[in-house]
Amino acid sequence: MELLHGLIRDYAWGSRSAIAELQGRPAPSDGPEAELWLGAHPGGPAAVDREGDRLSLTELLLAEPDHWLGERLVGRFGIRLPFLLKVLAAEAPLSLQAHPDAEQARAGHAADAARPEGQRNYVDPYHKPELLVALSPMEALCGFRDPVASATALAGFGVPALAPVLAALRTGPQGLREAVRLLLTWPADGRDALVAAVASGPAAGPDGQLARDLAAAYPGDPGVLVAMLLNRVRLLPGEAIWMPAGNLHAYLRGTGVEIMAASDNVLRGGLTPKRVDVEELLRVLRFEVLRDPVVPPLEVAPGVVTWPVPVEDFALHRVTVGAARPEVTLVVPGPRVVLCCGGQVSVDDGAGAVTLESGRAAVGSAVGGPLRLVGTGEAYVASCGLS
């Protein structure tokens, strides 16, 4: 194992305290710290120490693919790390977004080659399923809720102009597509008035407060109304949400560990000044009700839990060591990225040991053996999901 130096992204919605406190640095930070990237994504690769310098993990993979990735992983995914591990720290809502499946990504990326740069949606040919595990209490929007319940919530705002949207929703799941289409194609000259009317409407409770909060952050954005169609999820630490292809979602606030397939393919659905391609979003979205978005942890061994997901790109485990269980051995295929999220944990893959403090990470190659974790603390282990 080797120390891995992650890259902090300063997106405007980021927290000024969460990542700094996780790493034991002074808080608040000078600017927003939204995400800590721990992988080989070309848009922000992490780095390892080499002869007094730092070399990006991407360079190492390209130079020694058999050592770092292994023949089996290269055969399945090519010379690339198929997953990206992050710490995500949201102080303000992120955009509504969804991601394509693998076939849609390949076809969309190929078709985009003939389009002007400003009209492209797919920057690579890969899908982007995501799993987020809460480190703190976290709020998010994830998947469509019962459309009849959404109609009731929207009716509570007392806005007559929404009648066509309510009618579509009251037909059940088959009306979700039309409801989303109506909202996202609302005439531009009427959007400010619509969102203002909803924000000032009589609706009470969580829906009313959410609409007011989102309208204050994104005035005139029809995504405020689309957000009312989604499940509002409150995660406790250790609980997770799974975002497969076609799932419309947004993080509202809180801190979590996120793992995803390494891709930049994002189709936005509002709550953003960025481009929203309504037609392509409607093509990719899965208009089905998601009854329960929360994924509880599954204990697979003493001190080890995971959150099973149906993809080969990644798997995530959490290992807890302490006085009652000072040592845990974890067998998962390499390469592995290990992130300490509390206490102090030493991790050894047989090729070398690294001691990690909170907020620090290590990486091990495909040739390493089982992971031996020792200490008092908690660590998240990211690996490929190939069995």
Side-chain angles (χ1 to χ4, degrees), residues 6-14 31-37 39-47 56-59 61-62 77-84 86 88 90 92-130 177 180-181 183-189 191 217-224 226-227 243-251 258 260-286 313:
L7 179 71
I8 292 178
R9 310 309 298 259
D10 61 352
Y11 308 134
W13 48 263
E33 296 181 338
E35 296 179 344
L36 172 64
W37 285 24
H41 190 286
S56 80
L57 190 54
T58 303
E59 293 177 273
L61 302 185
L62 293 173
F77 297 104
I79 303 177
R80 53 185 290 267
L81 190 65
F83 62 83
L84 173 61
K86 297 180 180 180
L88 183 146
L94 282 67
S95 64
L96 288 169
Q97 55 189 263
H99 311 295
D101 63 28
E103 183 177 346
Q104 291 166 338
R106 284 191 296 269
H109 183 61
D112 271 1
R115 297 190 178 104
E117 186 171 343
Q119 296 179 20
R120 296 174 184 171
N121 294 303
Y122 300 95
V123 298
D124 57 59
Y126 309 118
H127 68 165
K128 193 174 182 277
E130 301 171 342
R177 177 186 291 272
V180 174
R181 187 195 68 79
L183 291 172
L184 291 183
T185 59
W186 203 271
D189 60 0
R191 291 181 177 184
Y218 300 99
D221 191 322
V224 173
V226 177
M243 281 81 55
N247 175 298
L248 192 61
H249 62 276
Y251 303 126
E258 185 179 42
M260 64 185 65
S263 169
D264 271 336
N265 287 325
V266 177
L267 292 160
R268 293 178 175 83
L271 307 183
T272 178
K274 296 182 179 179
R275 172 173 169 266
V276 176
D277 186 332
V278 176
E279 182 178 346
E280 186 65 10
L281 178 69
L282 293 176
R283 192 179 73 83
V284 165
L285 284 180
R286 294 180 179 174
D313 306 71

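Index from 1, following the sequence.
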Please check: side-chain N/O of [X] versus main-chain N/O of [Y], any donor-acceptor pairing under 3.5 Å?
X: D221; Y: L271; value: yes
X: R286; Y: G246; value: no
X: R275; Y: Q119; value: yes
X: D112; Y: Y122; value: yes

Evaluate the side-chain proximity of [Y] to [X]: yes if any heavy-atom separation is below 4.5 Å, no if none is.
X: L248; Y: V226; answer: yes
X: H249; Y: L94; answer: no
X: E130; Y: N247; answer: no
X: K86; Y: M260; answer: yes

Set of residues satisfying side-chain contact (heavy atoms from CB on, under 4.5 Å) with respect to [X], sequence neighbours excluded:
X: A40; answer: L57, T58, L61, L81
X: R9; answer: L7, Y11, E35, W37
X: E279; answer: D277
X: V266; answer: Q97, H99, K128, R268

To the nearest 0.5 Å, atom CZ of R106 lies from atom NE2 of H127 at 9.0 Å
Nearest-0.5 Å distance that lies between atom CG in D264 and atom OH in Y126:
11.5 Å
For the student: nearest non-hydrogen atoms of S95 and A250, plus distance
O-CB, 3.6 Å
Looking at every non-hydrogen atom in both residues, tell me the closest pair between P32 and G14 and how far apart they are.
CB-O, 3.5 Å
Non-neighbouring partners of E280 that pass salt bridge (Lys or Arg N to Asp or Glu O under 4.0 Å), sequence neighbours left out
R283
Partner residues of N265 under the side-chain hydrogen bond (donor to acceptor under 3.5 Å, both in side chains) criterion, sequence neighbours left out
D124, S263
